[in-house]
Amino acid sequence: MKSYDHNKIEKKWQKEWEKKGLYKTPDTVKGKDNFNLLVEFPYPSGNLHVGHWYAFALPDILARAMRMQGKNVLYPIGFDAFGLPAENAAIKNKLNPRKWTEGNIKYMKEQIRSMGTSFDWSREVQTIDPGYYKWTQWMFLQFYKNGLVYRKETAVNWCPKDKTVLANEQVVDGKCERCDSEVIQKQMLQWNIKITDYADRLIDDLEPLDWPKEIKESQKNWIGRSEGAEIDFPLIFANDKKYKFVMLHGYKSKGESPRWKWLKSELEKFGHEVVIPTLPNTEHPKENEQVAAALNATTYDENTVLVGHSLGGLVAMKVAERLNNKIARLVIVASAMNPAYPGYVERPFRKDFDWDIDVEKIKAIAPNRVVLSDVQEITRAPYLKDLAKQLDAQLVETKAVKEHFMADKEPDMLMWLRPTIRVFTTRADTLFGATYLVLAPEHPWIMLALDEKHNVLSNKSEVKTYVEAAKKKTELERQTNQKEKTGVELKGIKAINPATGKEIPVYVADYVLGHYGTGAVMGVPAHDERDNEFANKYGIAIVETLEPVVVVTKGGDAIKAGQPFTDRNSILAIVKHWSEEKYLAVKYLPTDVKGFVSGGIEQNEDAVAAGKREIREETGYVHAKFIRKLGSTIHCKYFSDNYQKNMLVHFAPLLFELEDDTRGDVEPHEASRHEVTWMTEKEMDTFINREDMRIAWQRANGSSFYGGDGILANSGPFDGMTTEKGEKAIAQKFGSAKKTYKLRDWIVSRQRYWGVPIPMIHCPKCGAVPVPDKELPVKLPEVKDYLPEGSGKSPLAKAKKWVQVKCPQCKGKAERETDTLDTFVDSSWYFLRYTDPKNKKKFADAKKMQNWMPVDLYSGGAEHTTMHLLYSRFWHKALFDLGLVKDAEPYKRRMNRSIILGPDGQKMSKSHGNVIDPDEVVARLGADTVRMYLAFIGPYNEVSNYPWNPDGVVGVRRFLERIVRATEFVQDDASELLTTELQHTIKKVGNDVKALKFNTAISQLMIFLNLLEKTKHIGRTQWATLLLLLAPFAPHLAEELWSVAGHDTSIHLEPWPSYDEKLLLEKEMPIAIQINGKTRGEVFVASDATKETVEAAAREAVAARLEGKKILRTIVVPGRLVNFVVEE
RNA sequence: GCCGGGAUGGCGGAAUUGGUAGACGCGCACGACUCAAAAUCGUGUAUCGUGAGAUGUGAGGGUUCGAUUCCCUCUCCCGGCACCA
């Protein structure tokens, strides 16, 4: 072959391969291991850019090499084809999004083929195929049925331009990831998936995975686990009332369970009276008996809170109906269901109760009404919602799962019975220093307090104004105004610090976030920066409860490891000038510690006296006046040069002021050790170089906080404990250990057309009802236009006929859910479908999945680290818990690929005018060149961005042309000169490809070619070997040259060449000669030479340099170097 | 602020994980071929120095016979999180 016509060659072989079905992958092959190589499937945007080449053509090198190395390689592809761009294009050009998408897919397929990729197209998966999204819907329903999906009205990120809800991941710096418009907060009823239930496992299961550290760290940061404690702060009201709680238990109960007893004792602690009558005939309750018993048990007046749980809820309403005077409040907890409602489970007491409720009477008797409902109770929740509406009551939806009003520690209802605020803290050790409480504007208690039915706040309107203003702020505004903290005190209430028993003020402030922790924090101004700022602004008390412990680990006085510490009481004296704004700066010369006067307290001496004495001794000043103590003791661990011991010094920080400049003599020994100067405040700031000095200095200068670890003080029985111990002990006594996460639940509703319809039906009676499995898939309906309505309704609502359905439960009139699923749902399981793409009965056959899962290597973009990669891990775990997949983790190994920049080093973009069109380069230089250039540009498995260098591509093309020309050198007999190098090349290329270091593999091929061009002689077998090594990189050219060399089978079905370790050794090898570690020469020795021979040869080679010098030591590293250590 | 990753010629990068720093490619310079240019081929190409030689892997220190590689301190760049209690 003389010239290299890449166009002809590449088209020819692409056709040929397809005709032969060369890349069809069987599920298993006898004697071969399976290898699942996954790349992120593309969104069919319509144009293929260099990034696609980088994403698909490079893993293809690995796929081909591994096939040759005897693996059964699955290298599948598909299209993630739902999503906004199609819909936007449809709106703009009045197209059908499906047509637009399918057109793009067709076009992109051609382009992907033109790369010479070995994808198995027979396994192609498209998310828009109803045969695929049937299973997306099915999985969603499986999760729903297992309590992983819930519907909730939440403040969501709303993009006003795209008119859709965005996931947190799609909001970047408060702006829409797609269109850059500012995202606003909107209350909407959304479908959520409980990814937060998996937060711990999503972190912990990362540990054993073969993933780059940075990806693991990113995911951990994103999930943001922090471990701390939850502590309850009781509230007291200025218009404090003692109530009588009358609590009515439910069916088959006696009101004597630990739960009721506990409730009673808790409420009694706050001075309330609690009556829990045991209602008669509890196994076969009758209305009249029960109501009469309740009425006879006690009296009801305006101080009575009537509480009823389950059947007791119904009884409570009946009791209220019969009362003649008002009561303080009626609380209905998970009331027994009205049999008229769908989903009612037949109960024996049904007919013994009158289910008609006199709503108006109840309203009149109980002006303050609350209905507690458990959102997880699918059938009862709609009834309770209706009940709350009828009663015009506050509806409180709890998150508790199993026992419908039990939270993990106490009934959620208690929060509404007993005024308590629960905070989350990671610094329980500072609880005694909590001098105020802050609630987020979104805190449920605030909502309750602002309700018109309540009157606990004396400045209600002020609070209301603040809360409403805070809610209007976007996330972005809250972020940008973070420096200036604002808040409003809730007047009329106080909280009690459970540790000190003291009353502390309660604030609402938007520096506390509603969705994190419990939405409330304790303010510890002495030990937290933010709290300190807030307390200073609002004049809140600052109480130190932690004595700092400073450990010196660097500098002249760094502690010596393993040595014991000697305790000593000392003072630290900050001395102010008598007339100027200056301070006495002391540099301790032996260790270069810079700070203030300091020294030990002698026996029978108090701290102030010691201070005065030290000032006199170190500086000579006589008339120091004691001003004040600067807060708590500061402990410092350092190495004392004076005592030659590790010291644990307890400093009493003191502030003095000189009365005049009277100065006596300083003893010469002291003078030689201290350098004393006067410094301004500013100079002092930079002068101080030890943490204990700095803490004292900050205390002298007004407000300060200490946020580090220390020893507890002012903390009662916990005094003297370290932070670590105190944290545990205090958390245990006053609260409970608890973890909190930044990760929020995954909101999957999208108010757009081009997505998977959410397979739910809304029935006015039954509430949300899943579409029965046999009716799946719920296909996307045709609509006239795709414009979102803007009100938050999806365009699917326009398909009126489609929307109208029968309720699968009650067969009454119902409507379909019109929102579609987030596209990240579609891509959360596509890799499973590759294993069995055409299955109509299951999303994939279990055995077939086992052939290929988990994925051996997943290659993709760094941008998906906290999105797709996290979602799909969650999804897989959820499937795992349902027994639908075998592994807890889907991807064994993951690598993030880099980005190809424009020639100018900027990100490729039309506006920069630096976009490289791969089609143009392919037409000019060929697909093989483009593949190889991208492979050569740098290591594939490291993230660093490579600029496209147009000259570099030409260089690679030159290499391929030189390969073509080298056919002239092929001869019958082998070239001995090349033998060793070829062995070396087989080894290096093989190893480097496996390690994804395509760049060095190619460089080795180039080294070999350089040698071949010098030798001008290569044997036929040697040539064939070279072509085999080239095949994964330049599949078309290698195939062509293979065929030219006379083979009639495809090179891509050939096995990878093996090498012989023995042949790798050269007969002679160079040994570097060093003298004192510096290279001074080189000598060639036989590769099997003994140490002695090598040393002798080396000694001879540098004899001239060694002359007259004494050799102290000789180091011989076989095969590498000889180092002579000589006297200088 | 917290966490992670990185820094090697004019450029992309290499170095068998402690053993001759700068492989391979690009660029550049000179030469050959050519009337000329392009293409191609050859030679050179870390810095300073005519040279012997010296210096050199972000900066400084340490361990070692020997450090791009290990340890400490610092600077800068990139990425993730961020009023997260």
Side-chain angles (χ1 to χ4, degrees), chain A residues 212-226 228 423-427 430 434 438 440 478-485 509-513 515-524 527-531 533-534 553-555 558 707 740-743 862-863 865-866 896 905 933 936-939 942-956 958-959 961-962 965 987-988 991 997 999-1010 1013 1070-1082 1112-1126:
Chain A
K213 212 177 191 171
E214 62 269 22
I215 305 182
K216 292 185 181 180
E217 287 305 319
S218 290
Q219 290 209 346
K220 279 187 203 166
N221 284 342
W222 182 261
I223 296 167
R225 172 162 67 192
S226 71
V423 304
F424 173 75
T425 179
T426 52
R427 289 302 299 268
T430 63
V438 202
R478 275 220 209 174
Q479 253 169 48
T480 45
N481 296 336
Q482 59 182 255
K483 275 185 194 130
E484 183 63 19
K485 292 191 178 13
D510 68 0
Y511 84 87
V512 174
L513 308 172
H515 56 78
Y516 184 77
T518 59
V521 300
M522 62 185 203
V524 185
H527 302 294
D528 181 275
E529 187 176 9
R530 291 171 315 241
D531 297 344
E533 193 189 319
F534 192 80
T553 54
K554 52 186 180 183
T740 297
Y741 311 87
K742 286 179 197 162
L743 183 74
E863 69 276 16
T865 301
T866 53
N896 279 359
Y933 170 65
F936 187 56
I937 204 165
E942 278 170 31
V943 177
S944 74
N945 303 329
Y946 306 119
W948 176 279
N949 178 355
D951 291 320
V953 197
V954 175
V956 170
R958 271 204 286 265
F959 167 75
E961 282 174 4
R962 281 160 59 206
R965 258 178 275 138
K987 184 178 178 181
K988 177 133 180 85
N991 289 342
K997 298 199 167 175
N999 55 333
T1000 48
I1002 292 172
S1003 108
Q1004 182 57 37
L1005 290 172
M1006 288 171 166
I1007 290 169
F1008 184 82
L1009 180 65
N1010 288 346
E1013 280 175 341
I1071 300 291
I1073 307 168
Q1074 297 183 336
I1075 294 173
N1076 286 345
K1078 285 178 184 171
T1079 306
R1080 290 296 179 224
E1082 194 178 52
L1112 301 172
R1113 212 174 139 188
T1114 309
I1115 290 130
V1116 182
V1117 184
R1120 297 239 178 259
L1121 56 74
V1122 179
N1123 187 11
F1124 296 107
V1125 184
V1126 302

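Naming convention: chains lettered A, B, ... in sequence-line order (proteins, then strands); numbering from 1 in each chain. Below, all heavy atoms of this structure are taken into account, side chains as well, without hydrogens, waters or symmetry copies.
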Q: Suppose you measure atom C1' in B:U20 against the same atom in B:A15; what distance do you get, rounded to whole Å?
A: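 About 11 Å, rounded to a whole number of Å.
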
Q: With a non-hydrogen cut-off below 4.0 angstrom, is A:V1125 in contact with a base, only sugar-phosphate, or nothing?
A: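 Sugar-phosphate only.
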
Q: Just how far is it from atom CG of A:N949 to atom CZ of A:F936, taken to the nearest 0.5 Å?
A: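 Going from CG on A:N949 over to CZ on A:F936, the span is 11.0 Å.
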
Q: With C1' as the reference atom in both, quote the distance from B:G5 to B:C65 in angstrom, rounded to an integer.
A: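 Result for the C1' pair: 33 Å, nearest Å.
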
Q: Nearest-nucleotide wise, let me know which of A:E961 and A:G517 is further upstream toward the 5' end of RNA chain B.
A: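 On the 5' side of the pair lies A:E961.
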
Q: Separation of A:K216 atom NZ from B:G79 atom C1', in whole Å?
A: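 The distance from NZ of A:K216 to C1' of B:G79 comes to 18 Å, rounded to the nearest Å.
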
Q: If we take the P atom in both B:U68 and B:C77, what is their distance in whole Å?
A: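 After rounding to an integer number of Å, I get 25 Å for this pair.
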
Q: Which nucleotide, B:C24, B:G13, B:C81, lies nearest any side-chain atom of A:S1003?
A: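 It is B:C24.
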
Q: Could you please name the option among B:A23, B:C26, B:A85 that lies closest to any side-chain atom of A:T1000?
A: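 Nucleotide nearest to A:T1000's side chain: B:A23.
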
Q: What nucleotide, of B:U20, B:G27, B:C24, holds the atom closest to the side chain of A:P1070?
A: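 Nearest listed nucleotide: B:U20.
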
Q: To the nearest Å, how far apart are A:L1121 CG and B:A67 P?
A: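 After rounding, the reported distance stands at 12 Å.
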
Q: Among B:C41, B:C83, B:G19, find the nucleotide with the atom closest to the side chain of A:Y511.
A: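 When the side chain of A:Y511 is considered, B:C83 is the closest of B:C41, B:C83, B:G19.
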
Q: Nearest 0.5 Å, please: how far is CD in A:E942 from NZ in A:K997?
A: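 So the gap between those two atoms works out to 6.0 Å.
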
Q: Report the distance from atom CG of A:N1076 to atom C1' of B:A54, rounded to the nearest whole Å.
A: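 Nearest whole value for this atom pair: 16 Å.
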
Q: What are the two closest non-hydrogen atoms of A:Y516 and A:S226, and how far apart are they?
A: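 Taking A:Y516 first and A:S226 second, the nearest heavy atoms are OH-OG, 2.9 Å.
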
Q: Mind checking the CD-NZ spacing from A:E214 to A:K216? Nearest 0.5 Å is all I need.
A: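 If we round to the nearest 0.5 Å, A:E214:CD and A:K216:NZ are 10.5 Å apart.
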
Q: Once Watson-Crick and G-U wobble pairs under 3.5 Å are found, how is RNA chain B written in dot-bracket notation, 5' to 3', with | for any base paired to another strand?
A: (((((((..(((......[....)))((((((.......))))))(((....)))..(((((..]....))))))))))))....

Q: Could you check which of B:G27, B:G19, B:C65 has an atom nearest any side-chain atom of A:R958?
A: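 The answer is B:G27, which lies nearest to the side chain.
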
Q: Check nucleotides 8-12 of chain B for protein N or O atoms closer than 3.5 Å to its own N or O atoms and list the pairs.
A:
{"from": "B:G12", "atom 1": "O2'", "to": "A:I937", "atom 2": "O", "distance (Å)": "2.6"}

Q: I'd like to check A:K742 versus A:W222 (side-chain heavy atoms, cut-off strictly below 4.5 Å). Are they in contact?
A: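 Side chain of A:K742 against side chain of A:W222, heavy atoms only: no contact under 4.5 Å found.
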
Q: In whole Å, measure the gap between the C1' atoms of B:A54 and B:G58 for me.
A: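 To the nearest whole Å, 22 Å.
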
Q: Taking syn as a glycosidic torsion within 90° of 0 and anything else as anti, which one is B:G9?
A: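 The base of B:G9 is oriented syn (glycosidic angle within 90° of 0).
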
Q: Using the C1' atoms only, state how far B:G12 lies from B:G22, rounded to an integer number of Å.
A: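 Those two atoms are separated by 13 Å.
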
Q: Is any side-chain heavy atom of A:V1126 closer than 4.5 Å to one of A:L1112?
A: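 Counting from C-beta outward, A:L1112 and A:V1126 never come under 4.5 Å.
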
Q: Is it the case that B:U16 (base atoms only) and A:R1120 (side chain only) share a donor and an acceptor within less than 3.5 Å, ignoring hydrogens and angles?
A: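 It does, because a donor-acceptor pair links the side chain of A:R1120 to the base of B:U16 below 3.5 Å.
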
Q: Using the 3.5 Å cut-off, write out each protein N or O paired with an N or O of nucleotides 2-4 of chain B and the distance between them.
A:
{"from": "B:C3", "atom 1": "O2'", "to": "A:E217", "atom 2": "OE1", "distance (Å)": "3.0"}

Q: Specify the separation, in whole Å, of atom NZ of A:K987 and atom P of B:U16.
A: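 Nearest whole value for this atom pair: 13 Å.
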
Q: Would you call A:W948 and A:I937 a side-chain contact if the rule is heavy atoms closer than 4.5 Å?
A: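 A side-chain contact under 4.5 Å is absent here.
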
Q: Ion pair present between A:R958 and A:E961, side-chain N to carboxylate O less than 4.0 angstrom?
A: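 Not counted as a salt bridge, because no side-chain N and carboxylate O are separated by less than 4.0 Å.
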
Q: Work out how far the C1' atom of B:A14 is from that of B:U57, and round it to whole angstrom.
A: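 Approximately 12 Å lies between the C1' atom of B:A14 and that of B:U57.
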
Q: Considering every strand and a 4.0 Å limit on heavy-atom distances, what is the contact class for A:E942: base, sugar-phosphate, or nothing?
A: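 Counting heavy atoms under 4.0 Å across all strands, no contact is made by A:E942.
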
Q: What nucleotide among B:A14, B:C26, B:A85 has an atom nearest to a side-chain atom of A:V512?
A: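 Comparing B:A14, B:C26, B:A85 against the side chain of A:V512, the answer is B:A85.
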
Q: Do A:E1013 and A:R962 have side-chain heavy atoms sitting under 4.5 Å apart?
A: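 Side-chain contact under 4.5 Å: yes.
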
Q: In whole Å, what is the span from the CG atom of A:D951 to the P atom of B:A39?
A: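 Checked: the CG to P distance equals 10 Å.
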
Q: What interatomic distance, in whole Å, is found between C1' of B:C26 and the corresponding atom of B:G13?
A: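 Those two atoms are separated by 11 Å.
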
Q: Which atoms form the tightest heavy-atom contact between A:N896 and A:T865, and what is the distance?
A: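 Nearest heavy atoms, A:N896 then A:T865: ND2-OG1, 3.4 Å.
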
Q: Base, sugar-phosphate or nothing for A:I1115? Non-hydrogen atoms, less than 4.0 Å.
A: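 Base contact.
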
Q: Output yes when at least one side-chain N/O atom of A:N896 is less than 4.0 Å from OP1 or OP2 of B:G5, else no.
A: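 A:N896 to B:G5 OP1/OP2: no side-chain N or O under 4.0 Å.
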
Q: Is any side-chain heavy atom of A:K485 closer than 4.5 Å to one of A:D531?
A: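 No, their side chains stay 4.5 Å or more apart.
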
Q: Between B:A85, B:U20, B:C24, which nucleotide gets closest to the side-chain atoms of A:I1007?
A: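 In terms of side-chain proximity for A:I1007, the closest of B:A85, B:U20, B:C24 is B:C24.
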
Q: The side chain of A:T1079 lies closest to which of these nucleotides: B:G13, B:G25, B:A21?
A: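 When the side chain of A:T1079 is considered, B:A21 is the closest of B:G13, B:G25, B:A21.
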
Q: Which heavy-atom pair separates A:M522 from A:T430 by the least distance, and what is that distance?
A: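 Smallest heavy-atom distance, with atoms named: CE-OG1, 3.8 Å.
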
Q: With the side chain counted from C-beta on, respond yes when A:P939 and A:Y946 share a heavy-atom pair under 4.5 Å apart, and no when they do not.
A: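 Touching, per the 4.5 Å side-chain cut-off.
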
Q: Answer yes or no: is there a side-chain heavy-atom contact under 4.5 Å between A:F1124 and A:R1080?
A: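 No. Closest side-chain heavy atoms not under 4.5 Å.
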
Q: Considering all heavy atoms of both residues, which atom of A:R427 and which atom of A:G707 are nearest to each other, and what is their separation?
A: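 That closest heavy-atom pairing would be NH1-O, 3.0 Å.
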
Q: Round to a whole Å and report the spacing from CH2 of A:W222 to P of B:G79.
A: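 Going from CH2 in A:W222 over to P in B:G79 covers 16 Å.
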
Q: For B:U40, does the O4'-C1'-N9-C4 or O4'-C1'-N1-C2 angle fall within 90° of 0, making it syn, or is it anti?
A: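 For B:U40, whose glycosidic angle is more than 90° from 0, the conformation is anti.
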
Q: CG of A:N991 versus P of B:A15: gap in Å, rounded?
A: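 Nearest whole value for this atom pair: 12 Å.
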
Q: May I ask you to say what A:R962 touches in the nucleic acid, namely base, sugar-phosphate or nothing, with a heavy-atom cut-off under 4.0 Å?
A: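 The residue A:R962 makes sugar-phosphate contact but no base contact.
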
Q: Output the rounded distance in Å from CZ (A:F959) to C1' (B:G25).
A: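 So the CZ-C1' distance, A:F959 to B:G25, works out to 11 Å.
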
Q: Side chain of A:N1123 only, please: which of B:G19, B:G25, B:C83 is the nearest?
A: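 Closest nucleotide to the A:N1123 side chain: B:G19.
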
Q: Quick check on B:C65: is either OP1 or OP2 less than 4.0 Å from any side-chain nitrogen or oxygen of A:R1080?
A: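 Looking at the OP1 and OP2 atoms of B:C65, neither is under 4.0 Å from any side-chain N or O of A:R1080.
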
Q: If you count every heavy atom of other residues, nucleotides or ligands that lies below 6.0 Å from A:E529 atom CD, does the total exceed 12?
A: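 Not buried by this count: 12 neighbours or fewer within 6.0 Å.
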
Q: Which residue, A:T426 or A:K988, contacts RNA chain B at a nucleotide closer to its 5' end, judged by nearest heavy atom?
A: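 So the residue in question is A:K988.
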
Q: B:C83 base to A:K485 side chain: any donor-acceptor pair below 3.5 Å?
A: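 Such a pair exists between side chain and base.
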
Q: Categorize A:D528 for me: base, sugar-phosphate, or nothing, with a 4.0 angstrom heavy-atom threshold over every strand shown.
A: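 It contacts nothing in the nucleic acid.
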
Q: Taking atom P in both B:U55 and B:G60, compute the distance separating them and give it to the nearest angstrom.
A: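 Here B:U55 and B:G60 have their P atoms 14 Å from each other.
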
Q: Using a 4.0 Å heavy-atom cut-off, does A:G955 contact any base of the nucleic acid, only the sugar-phosphate backbone, or nothing at all?
A: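 Since only primed, P, OP1 and OP2 atoms lie under 4.0 Å of A:G955, the category is sugar-phosphate.
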
